[in-house]
Amino acid sequence: MPHTLSEITGPVYGHSEISEADSDLTRQHSGEPLGERIIVSGSVLDDSGRPVPHTLIEIWQANAAGRYLHIKDNHLAPLDPNFTGAGRALTDANGFYKFVTVKPGAYPWKNHANAWRPAHIHFSLLGPAFASRLITQMYFPGDPLFALDPIFQSVADEKARERMIARFDIETTQPEWALGYEFNIVLRGRETTPFET
Ligand SMILES: [Fe+2]
């Protein structure tokens, strides 16, 4: 299956240290991006359920209108001058990570007639070496496009597909400010999160 733009591209970072602003995609410009502000947090776990500390997570995503800030994205949706759509964070000593961003929009990808990707955030996790990089996509609960999306459906096992869907989390939802989603990532084992090869 031909991959879309967002499967084959990702942000390229420099050599600078990771800063607080790297994990808050709503504070990387002079103004705030448009869209539904969300908090995405969770844990990175190994096959025994043990937390994986100090792991670099990189994310990239479309803006709220479903447009990537990428020269080859020609979707007729507006760019947001206050949104780059890329962030990174390290898990803490307990394997916990947190991003603040806006909910990405669905976007068309021409794979078949009237093809739209469900809203998703790309996740890359780096182990101690580049060869141990794992890449997956996080989806949002209840998306009507799941049944029609060949990439989501390429994971044959329904239970495994569900592990790519974040859980709405009222506990991390902040009043008057942002909706919370929990997305735990299991690196391997029976409960592993599906990864792209
Ligand atoms: Fe994408």
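Just follow the structure's listing: the first ligand is 1, and inside any ligand the first atom is 1.
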- request: Only counting residues at least two apart or in another chain, list the ones meeting salt bridge (Lys or Arg N to Asp or Glu O under 4.0 Å) with D143.
  value: none
message: Test of understanding: with side-chain contact (heavy atoms from CB on, under 4.5 Å), list the residues that count as partners of R27, not counting sequence neighbours.
response: D24
- request: Using only N, O or S atoms, tell me which atom of H122 is closest to the Fe ion (ligand 1).
  value: NE2
- prompt: Any N/O/S of Q137 under 2.8 Å from the Fe ion (ligand 1)?
  reply: no
task: Give a rough value, rounded to 10 degrees, for the angle at the Fe ion (ligand 1) between atoms NE2 of H120 and OH of Y68.
output: 110°
- prompt: Is any side-chain N of the basic residue among K159 and D157 closer than 4.0 Å to the acidic one's carboxylate O?
  reply: no
- request: Please lay out, stage by stage, how R188 and D46 fare under the test salt bridge (charged side-chain N to carboxylate O under 4.0 Å, His left out).
  value: CA-CA 6 Å; R188 59 186 169 193; D46 70 11; over 6 Å; no
